[in-house]
2 protein chains.
Amino acid sequence: MAKHDPALDALFQALADPTRRALLERLVRGPATVGELAGPFAMALPSLMGHLKKLETAGLIESRKDGRVRTCAVVPAAFVPVQTWLDDQRALWEGRLDRLDAYVATLMEERADGP
Amino acid sequence: MAKHDPALDALFQALADPTRRALLERLVRGPATVGELAGPFAMALPSLMGHLKKLETAGLIESRKDGRVRTCAVVPAAFVPVQTWLDDQRALWEGRLDRLDAYVATLMEERADGP
DNA sequence: GTCATGCTTAGCCATTTGCCTAAGTATTGC
DNA sequence: GCAATACTTAGGCAAATGGCTAAGCATGAC
């Protein structure tokens, strides 16, 4: 059990912004240049670059510069820790339900055996 | 397609903090009072209450006050939009791979039919 | 009633976030 | 070379975040 996973902090934080999620939604459909990514957004380029930087720092995207053009692509593996954390919580929750079921079953049996 | 889902903003934001994730990790195991939740944390009570408030605002937990004790419980359904967004992105990514496969297959056929 | 308990409210403070404009750098096209 | 293109860097600014202390307000125990 990780007591405090900074990678998860960065991942969830990166996903918490609508602009960054929109960028990812675009990039899962295929790589794009910074200019192409910026197109749909009513935002100054440096602001958008800031978002790309955060996505890259979190590991959610990678980018390479060819000449004067930077091309970005999503890194699907980066979503795994997020998915894993969510799955873990669901497993714990369901485990709790199972124990509750077992407990209720025990109560029922005791009642059936009772006076 | 939601152009900008504020609920997702709040959910991911809520999950981006290690203290709040730790609180959720505790609560998926069962309900707890504010005092019980605060126990393990080296943090002043008002700070921790702030985190609980954010979790509740995001819809990830619910709380009720009985007498002077407030009891909190996780709301598993609240995770659904997060999971859905992740699933959607994976589906889009996989769709892209499928189209890439199809494209490669087309190329291969063309080459086979070629001069 | 009085006091301890368990939150709650109010207010302050440092840092981070998200956005901007302006100016700079590196390629590419003519 | 010279200009246009595509980012990039630098710096500023308002608002949000995450933490604190101090004081307040119900409730439960005695």
Side-chain angles (χ1 to χ4, degrees), chain A residues 3-27 30-74, chain B residues 3-27 30-74:
Chain A
K3 273 295 172 197
H4 168 207
D5 188 344
L8 273 184
D9 292 9
L11 285 168
F12 279 120
Q13 185 69 47
L15 295 174
D17 182 273
T19 301
R20 289 194 292 268
R21 283 200 310 279
L23 288 169
L24 285 173
E25 285 165 13
R26 164 64 188 80
L27 286 174
T33 68
V34 171
E36 287 167 353
L37 289 171
F41 293 93
M43 187 181 293
L45 199 53
S47 308
L48 196 127
M49 290 291 300
H51 287 300
L52 288 175
K53 184 102 177 246
K54 279 205 178 166
L55 287 171
E56 191 154 17
T57 300
L60 286 162
I61 68 170
E62 280 175 352
S63 71
R64 260 186 44 223
K65 194 155 185 179
D66 290 335
R68 61 187 170 182
V69 178
R70 179 173 295 279
T71 302
C72 304
V74 78
Chain B
K3 274 295 171 196
H4 166 208
D5 189 343
L8 273 184
D9 292 8
L11 285 167
F12 279 121
Q13 185 69 46
L15 295 173
D17 183 273
T19 301
R20 288 193 291 266
R21 284 200 310 280
L23 287 170
L24 285 173
E25 285 165 14
R26 165 64 188 78
L27 285 175
T33 69
V34 171
E36 286 166 354
L37 289 170
F41 294 92
M43 185 180 296
L45 199 51
S47 307
L48 196 126
M49 289 292 299
H51 287 300
L52 288 175
K53 183 102 178 246
K54 279 207 177 165
L55 288 172
E56 191 154 17
T57 299
L60 286 162
I61 68 171
E62 279 175 353
S63 70
R64 260 185 45 223
K65 194 154 186 180
D66 290 334
R68 61 187 170 183
V69 177
R70 179 174 295 279
T71 302
C72 304
V74 78

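Note: hydrogens, waters and symmetry copies are ignored here, and every other heavy atom, side chains too, is used. Throughout, a chain's letter reflects where its sequence line sits, starting with A, and its residues are numbered from 1.
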Which part of the nucleic acid, if any, lies within reach of Gly67(A) when heavy atoms closer than 4.0 Å are counted: base, sugar-phosphate only, or nothing?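 Sugar-phosphate: the residue Gly67(A), judged by heavy atoms under 4.0 Å, touches backbone atoms but no base.
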
Taking atom [atom2] of [N] as reference, at what distance in whole Å does atom [atom1] of [X] sit?
X        : N       : atom1 : atom2 : answer
Leu23(A) : dG18(C) : CG    : C1'   : 14 Å
Gln13(A) : dT17(D) : CD    : C1'   : 9 Å
Leu15(B) : dG18(D) : CG    : P     : 12 Å
Met43(A) : dT21(C) : CE    : P     : 12 Å
Leu55(A) : dT17(C) : CG    : P     : 13 Å
His4(B)  : dG18(C) : NE2   : C1'   : 13 Å
Asp17(B) : dG19(D) : CG    : C1'   : 11 Å
Arg64(B) : dC7(C)  : CZ    : P     : 14 Å

Atom CD of Glu62(A) with >12 non-hydrogen neighbours under 6.0 angstrom: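 Count not over threshold, so no.
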
Donor-acceptor pair, Arg20(A) side chain versus Gln13(A) backbone, under 3.5 Å?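 A pair under 3.5 Å: yes.
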
Under a 3.5 Å distance rule, please check whether Arg64(A) uses its side chain to pair with a backbone N or O of Thr71(A) as donor and acceptor.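 Flag not set: sc Arg64(A) to bb Thr71(A) has no pair under 3.5 Å.
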
For dC20(C), does OP1 or OP2 lie under 4.0 Å from any side-chain N or O of Ser47(A)?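 Yes, within the criterion.
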
Phosphate OP1/OP2 of dT17(C) contacted by His51(A) side-chain N/O (<4.0 Å):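 For dT17(C), OP1/OP2 do not have a side-chain N/O of His51(A) under 4.0 Å.
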
Taking only nitrogen or oxygen atoms into account, show me every contact under 3.5 Å that the protein makes with nucleotides 6-10 of chain D, one pair per line with its distance.
from   : atom 1 : to       : atom 2 : distance (Å)
dA6(D) : O3'    : Arg68(A) : O      : 3.2
dC7(D) : OP1    : Arg70(A) : N      : 3.1
dC7(D) : OP2    : Gly35(A) : N      : 2.7
dC7(D) : O3'    : Lys65(A) : NZ     : 3.2
dT8(D) : OP1    : Lys65(A) : NZ     : 3.2
dT8(D) : OP1    : Arg70(A) : NE     : 2.8
dT8(D) : OP1    : Arg70(A) : NH2    : 2.9
dT8(D) : OP2    : Arg70(A) : NE     : 3.3

Audit row: Leu37(A), Cys72(A), side chain to side chain contact (heavy atoms under 4.5 Å, CB included) steps and yes/no: CA-CA 9 Å; Leu37(A) 289 171; Cys72(A) 304; 4.0 Å; yes

Check the pair Phe12(A) / Arg21(B) against side chain to side chain contact (heavy atoms under 4.5 Å, CB included), numbers first and verdict last. CA-CA 11 Å; Phe12(A) 279 120; Arg21(B) 284 200 310 280; 3.9 Å; yes

Do Leu27(A) and Leu60(A) come close enough that some side-chain heavy atom pair is under 4.5 Å?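 Heavy-atom side-chain distance check fails, nothing below 4.5 Å.
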
Heavy-atom closest pair, residues Pro31(A) and Arg26(A):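 Nearest heavy atoms, Pro31(A) then Arg26(A): O-NH2, 3.6 Å.
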
